[in-house]
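The structure appears below as structure tokens.
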Amino acid sequence: MPCEVTSRFVLLYGSQKGQAQSIAEGIAEEAKGHGLAADLSCLDQNDKYNLEEENSPVVFIVSTTGDGEAPDNALQFVKRIRRKTLTSDHFKHLCYALLALGDTNYANFCNCGKTIERRLQELGAKQFYATGFADDGIGLELVVDPWLEGLWNAIKGVLPNMASDRSAHLKENAEESKDLFSPDVRLNLLTIGERQDCTSAGTAGNAESQSRDVGLSTVLLASSLTHSLPPLSVSALNVPTLPPLYLKVSLQEEVLREVNISKALQMTRDDSVKTALLLELDISMIYQPGDSFDVYCPNRTTEVDNLLHRLSLYNQKHCLVNISLIKDTKKKGAQVPSHIPEKASLHFLFSWCLEIRSVPKKAFVRALVEHTCDSVHRRRLQELCSKQGAADYNLYVRDASLSLMELLTAFPSCSPPLSLLIEHLPKLQPRPYSAASSCLRHPGKLRFVFNVVEFPASSERLVKRRGLCTGWMFDLIHSGPFSMENTESSDSLPLPKIHVSLRSSCSFRPPSDPSVPYIMVGPGTGVAPFIGFLQHREETRKTHPDRVLGNTWLFYGCRHKDRDYLFREDLEGFVSSGTLTHLKVCFSRDDAVNDGSTSSAHPTKYVQHNLRRHSRHVTDILLKQNGVIYVCGDAKNMAKDVNEALVEMIRDELKVDQLDAMKHLATLREQKRYLQDIWA
């Protein structure tokens, strides 16, 4: 049925941490200025849209979470469109565009977006604009900004075609849209636009007047967070549209498991580069090897108090926060954030609900401009949120992991209202940790291990700080009834408590058939889940001594054998009992040759080197014995290096080229025989 010509389009998002939702909401707001109306919905709000009968363009903004999984609010949508009963012409009437968000530090980059697009095309949907794949590892805006620039012409171009004979024009439209997104055009899109009226709070004035306002000294030799250099300092700026306000906040006077920490142990020597701690929790939950759990930690009290002082709200920190929507707000789909509880005190809100350390997004920086008095500060904030200032934003804000408080310290004339912070600060997310124990070995207990994360001081951050959750747990232990010499708690002092919830794993578990051989790769604290694997295996052997067990390999690595070799006694015990068939260890900072190798031609500095040394055994397990390989640990370096090593090993074993080797490895991943539990 021919589509009716209209200025309407459908805008759907799937978002785990709010980035895709924020982009979608920005599109909905900007649509008005292009003479378009966006029907904005979350993908799980299927009562608000109907793709089976949709005759207007549809735009998807979707992120990817976990190991290439769909966000929670997109899971049901993905399941619906993957139903095998759907025919190949189910969506033949549908014209779509898609922006996928991901992070190349993790495997399965933009997998949710790719899955949705592949299935839409299988069901007959037609693409009217080239898909964008934005990488949070280098900066989403590098793809998002030019993609959004071209979106409006693409929508306007497809509307008349949808009202006539689409079949003759869709292919041509797709090609034109790709041209809009080509590298040459992208450079044009990022050039400085026409200068705008300086009377608008959201735009820059002419270059000459701005130069006078900024007052740059001729002796300024380097740019910084608070100062820029020409040409940026004298350029007209394309500043984003001011996000509409939508929350009304006032103050009035005034469900998780809480478990005890029963044991704490420092796993590394004091002279180690990193400090690793093992905690044991009293817990009634049943968990399986490979499961992880969330730890809910608060923001540091000193940081909360400093922020409240900066906002002139410290004396009201015990007041209750009343939040409601502004009447007649222009924000599309405005609602009070679901992570804001009713009747919470201001201090509780900043302690447990809002991620005050999060890096302010450009939309937040744009909103801060409106509450900045000093003209120099105001101009610099405009630069940081503008297209022209993208490089400075990445260098001084994003890459420096600058927090809101650090930004406000750099710009003392900026005084945002409380409502702005609640609108823009994301939810304080729990931190996941892998279980490093088995219920069979430690009934009623759960153990986990972590490194205390340290962030060094910098020009923007004058003092070093610890990671939010690891620093909090470190302080909890050292101020509690524990000492590192006596790991059991003192009877005279109460046990410290933390809030946790279980995150069951559906795939990162030992094979259900114990005769299947498997390989574990886990340097540093990445060994944690494999301790649970092996404890479970050892206890199962005791109750089923006649059961046939496949071979197990563990590739472990650390810096120094005598300083940070985690679970050394446990691992050697697993080998002695026959639970672990092969233990291959390397020490990256020790001078001695690792793992018994006497040949300098085959150094085993890292786990990927050890994998290559034992390539024949590894490939035999994976390619001939239908075995499984598990990788746990750092995503940015280790996981990528291990992946590259596996590709090379498969290539050499099968005598195929690089591309075919990558396809074989991808097949292992699809068969759930190459599994990762990694983090950035």
Side-chain angles (χ1 to χ4, degrees), residues 6-51 54-63 71 73-74 77 94-101 112-113 116 128-129 131-132 134 140-141 143-159 162 177 189 202 238-248 325-338 361-367 370 385 387 419-420 422-424 426:
T6 177
S7 60
R8 168 187 174 273
F9 69 99
V10 176
L11 182 58
L12 304 174
Y13 67 85
S15 183
Q16 187 70 20
K17 295 185 178 180
Q19 296 208 86
Q21 179 179 350
S22 177
I23 292 171
E25 290 173 346
I27 293 173
E29 295 300 331
E30 194 174 345
K32 302 171 187 175
H34 293 274
L36 299 168
D39 284 354
L40 176 67
S41 300
C42 181
L43 281 169
D44 64 358
Q45 297 173 312
N46 52 302
D47 58 328
K48 294 186 176 181
Y49 64 93
N50 184 3
L51 296 187
E54 187 53 63
N55 56 12
S56 295
V58 180
V59 178
F60 295 89
I61 313 293
V62 292
S63 62
N73 56 19
F77 173 79
L94 203 66
C95 294
Y96 77 92
L98 188 144
L99 175 64
L101 312 184
C112 178
I116 291 175
F128 73 85
Y129 183 47
T131 298
L140 293 174
E141 64 277 1
V143 169
V144 171
D145 288 351
W147 190 89
L148 293 179
E149 282 285 349
L151 176 64
W152 306 113
N153 285 338
I155 293 176
K156 293 174 182 178
V158 79
L159 283 169
M162 293 181 72
S177 297
L189 291 172
N238 297 115
V239 178
T241 304
L242 178 66
L245 301 176
Y246 65 96
L247 288 182
K248 181 180 179 181
L325 294 180
I326 294 175
K327 187 178 181 181
D328 300 325
T329 177
K330 296 180 180 180
K331 183 177 177 66
K332 279 271 191 177
Q335 57 184 351
V336 175
S338 60
K361 303 296 182 187
K362 284 189 174 182
F364 196 0
V365 178
R366 171 65 186 87
E370 304 305 304
C385 69
K387 291 180 182 179
S419 59
L420 199 68
I422 297 175
E423 289 179 9
H424 287 275

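Along the sequence shown, the residues carry numbers beginning at 1.
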After noting the C-alpha distance and the side-chain angles of W152 and I27, does the key distance pass the side-chain contact (heavy atoms from CB on, under 4.5 Å) rule?
-> CA-CA 10 Å; W152 306 113; I27 293 173; 3.6 Å; yes
Minimum heavy-atom distance between [X] and [Y], given as atom pair plus value:
{"X": "D145", "Y": "K362", "value": "OD2-NZ, 4.0 Å"}
{"X": "A97", "Y": "L151", "value": "CB-CD1, 4.4 Å"}
{"X": "Y13", "Y": "A20", "value": "CB-O, 4.2 Å"}
{"X": "V58", "Y": "F128", "value": "O-CE2, 3.9 Å"}
{"X": "A367", "Y": "L420", "value": "CB-CD1, 3.7 Å"}
{"X": "I116", "Y": "L43", "value": "CD1-CD1, 4.5 Å"}

Here the gap from C95 atom SG to F9 atom CZ, rounded to the nearest 0.5 Å, amounts to 14.5 Å
Separation between OG of S56 and CG of L11, rounded to the nearest 0.5 Å | 12.5 Å
Out of I155, L99, L12, which one pairs with V59 under the side-chain contact (heavy atoms from CB on, under 4.5 Å) rule?
-> I155
Please name the residue in the list K48, E54, R8 that meets the side-chain contact (heavy atoms from CB on, under 4.5 Å) test with D39.
-> R8
Check: [Y] and [X] side chains under 4.5 Å, non-hydrogen atoms:
{"X": "P57", "Y": "L159", "value": "yes"}
{"X": "Q21", "Y": "K17", "value": "no"}
{"X": "L101", "Y": "V144", "value": "yes"}
{"X": "F77", "Y": "L51", "value": "yes"}

Is any side-chain N of the basic residue among K361 and E141 closer than 4.0 Å to the acidic one's carboxylate O?
-> no
Residues forming a salt bridge (Lys or Arg N to Asp or Glu O under 4.0 Å) with K331, sequence neighbours excluded = E25
Set of ring-ring contact (aromatic ring centres under 6.0 Å, His included) partners for Y49, sequence neighbours left out = none
Between N73 (side chain) and S15 (backbone), is there a donor-acceptor pair under 3.5 Å?
-> yes
Which of parallel (below 30°), tilted (30 to 60°) and perpendicular (above 60°) describes Y96 and F60?
-> perpendicular
Considering residues, nucleotides and ligands other than K32, do more than 12 of their heavy atoms fall under 6.0 Å from its NZ?
-> yes
